[in-house]
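On a predicted model such as this, the values are computed, not experimentally measured, just so you know. Naming: A, B, ... by sequence-line order, numbering from 1 per chain.
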Amino acid sequence: AQKVTQAQTEISVVEKEDVTLDCVYETRDTTYYLFWYKQPPSGELVFLIRRNSFDEQNEISGRYSWNFQKSTSSFNFTITASQVVDSAVYFCALSGNQAGTALIFGKGTTLSVSS
Amino acid sequence: KAGVTQTPRYLIKTRGQQVTLSCSPISGHRSVSWYQQTPGQGLQFLFEYFSETQRNKGNFPGRFSGRQFSNSRSEMNVSTLELGDSALYLCASSLSRGRMNTEAFFGQGTRLTVV
């Protein structure tokens with residue numbers, strides 16, 4: 001079965017702190033894709049990144065960075081120098097052959113950044 | 001480029017009624033997926049349509065159905081509404097070349113309340 005676990009339900013930080021959101025996944029597929037989405041209060045899910053199982057290179061995009069480690073089945077997301085606008089619910093998701101094109105989401109981590 | 005548009009944004013229905021939600025994908029996207037989001041179950045995959053055919057289906061009862069039109073617009077229908085169907089229903093569109101899992105872009109959702 002495929003599963004995504006985001007153990008952190010809520011995280012609160014003060015502006016300018018760095019914060020890491022954890023994501024652990026389970027799958028028997030050899031080819032799979034991992035995603036991160038952000039859900040602000042308005043409701044829509046905003047796509048942040050897609051990573052395939054053959055690409056373990058870490059990625060940095062501005063203040064965002066992602067660390068993919070197949071050995072520990074983890075795909076963690078770090079926000080550097082957090083800002084109030086980063087406050088949202090963040091979801092990690094997985095898709096692979098078992099579930100076809102369906103995204104299997106974790107329960108999400110609510111990030112609150114205060115000024 | 002216009003994003004994914006879902007209508008209506010909010011809906012209140014009575015138990016036993018049926019409801020139809022609409023989704024217009026990003027121009028050029030042929031895959032439309034539907035997800036249900038509730039506080040208890042999180043984000044769950046309902047079904048996916050590609051070129052007017054249901055390509056994938058989640059674990060939901062037959063009361064939940066959908067269809068896709070030739071212009072890629074999609075509708076989902078829920079019959080005999082139950083209180084537990086109260087949720088945010090999100091639609092996602094993607095290019096989805098073949099079965100490759102390209103990134104999905106989400107609409108703002110329809111908030112359905114069943115009373």
Intermediate values then yes/no, side chain to side chain contact (heavy atoms under 4.5 Å, CB included), B:L43 and A:L45:
CA-CA 11 Å; B:L43 279 153; A:L45 287 167; 4.0 Å; yes

Applying a strict under-4.5 Å side-chain criterion to I, L, V, M, F, W and Y, I'd like to know whether B:W34 and B:F45 cluster together.
no

Between the main-chain N or O of B:P39 and the side-chain N or O of A:K107, is there a donor-acceptor pair closer than 3.5 Å?
no

For A:N58, the side chain to side chain contact (heavy atoms under 4.5 Å, CB included) test, sequence neighbours excluded, returns A:N67

Please check if any side-chain donor atom of B:Q37 sits under 3.5 Å from a side-chain acceptor atom of A:Q39, or the reverse.
yes

Please identify, among B:A104, B:S31, B:S33, B:G42, the residue contributing the most non-hydrogen atom pairs under 4.5 Å to chain A.
B:A104

So if I take each residue of residues 7-17 of chain B and look for any heavy atom under 4.5 Å from a heavy atom in chain A, which residues do I end up with?
B:R9

Against chain A, label B:Y35 side chain, backbone, both or neither, depending on which of its atoms sit under 4.5 Å from a heavy atom there.
side chain

Could you grab the distance from atom CD of B:E103 to atom CG of A:L48, nearest 0.5 Å is fine?
11.5 Å

Distance-minimising heavy-atom pair for B:G107 and A:E44
O-CB, 3.2 Å

If you check every heavy atom in residues 67-91 of chain B against those of chain A, which residues fall under 4.5 Å?
B:L88, B:L90

Honestly curious: do A:I11 and A:Y90 fall in one hydrophobic cluster under the side-chain, below-4.5 Å linking rule?
yes

Are there over 12 heavy-atom neighbours, none belonging to A:K3, within less than 6.0 Å of that residue's NZ?
no

Sort A:Y37 into side chain, backbone, both or neither according to what part of it lies under 4.5 angstrom from a heavy atom of chain B.
side chain

Please check if B:L21 and B:F105 belong to a single hydrophobic cluster, counting links between Ile, Leu, Val, Met, Phe, Trp and Tyr side chain heavy atoms closer than 4.5 Å.
no

Name the region of B:A92, side chain, backbone, both or neither, that has any atom closer than 4.5 Å to a heavy atom of chain A.
neither

If two hydrophobic side chains count as joined below 4.5 Å and joins carry through other members, does B:F106 share a cluster with B:L46?
no

With a 4.5 Å cut-off on side-chain heavy-atom distances among I, L, V, M, F, W and Y, is there a chain of contacts connecting A:W36 to A:Y32?
yes

Can you tell me how far the CD atom of B:Q44 sits from the CZ atom of A:F105, to the nearest 0.5 Å?
11.5 Å

According to ring-ring contact (aromatic ring centres under 6.0 Å, His included), who are the partners of B:F64, at least two apart in sequence or on a separate chain?
B:F60

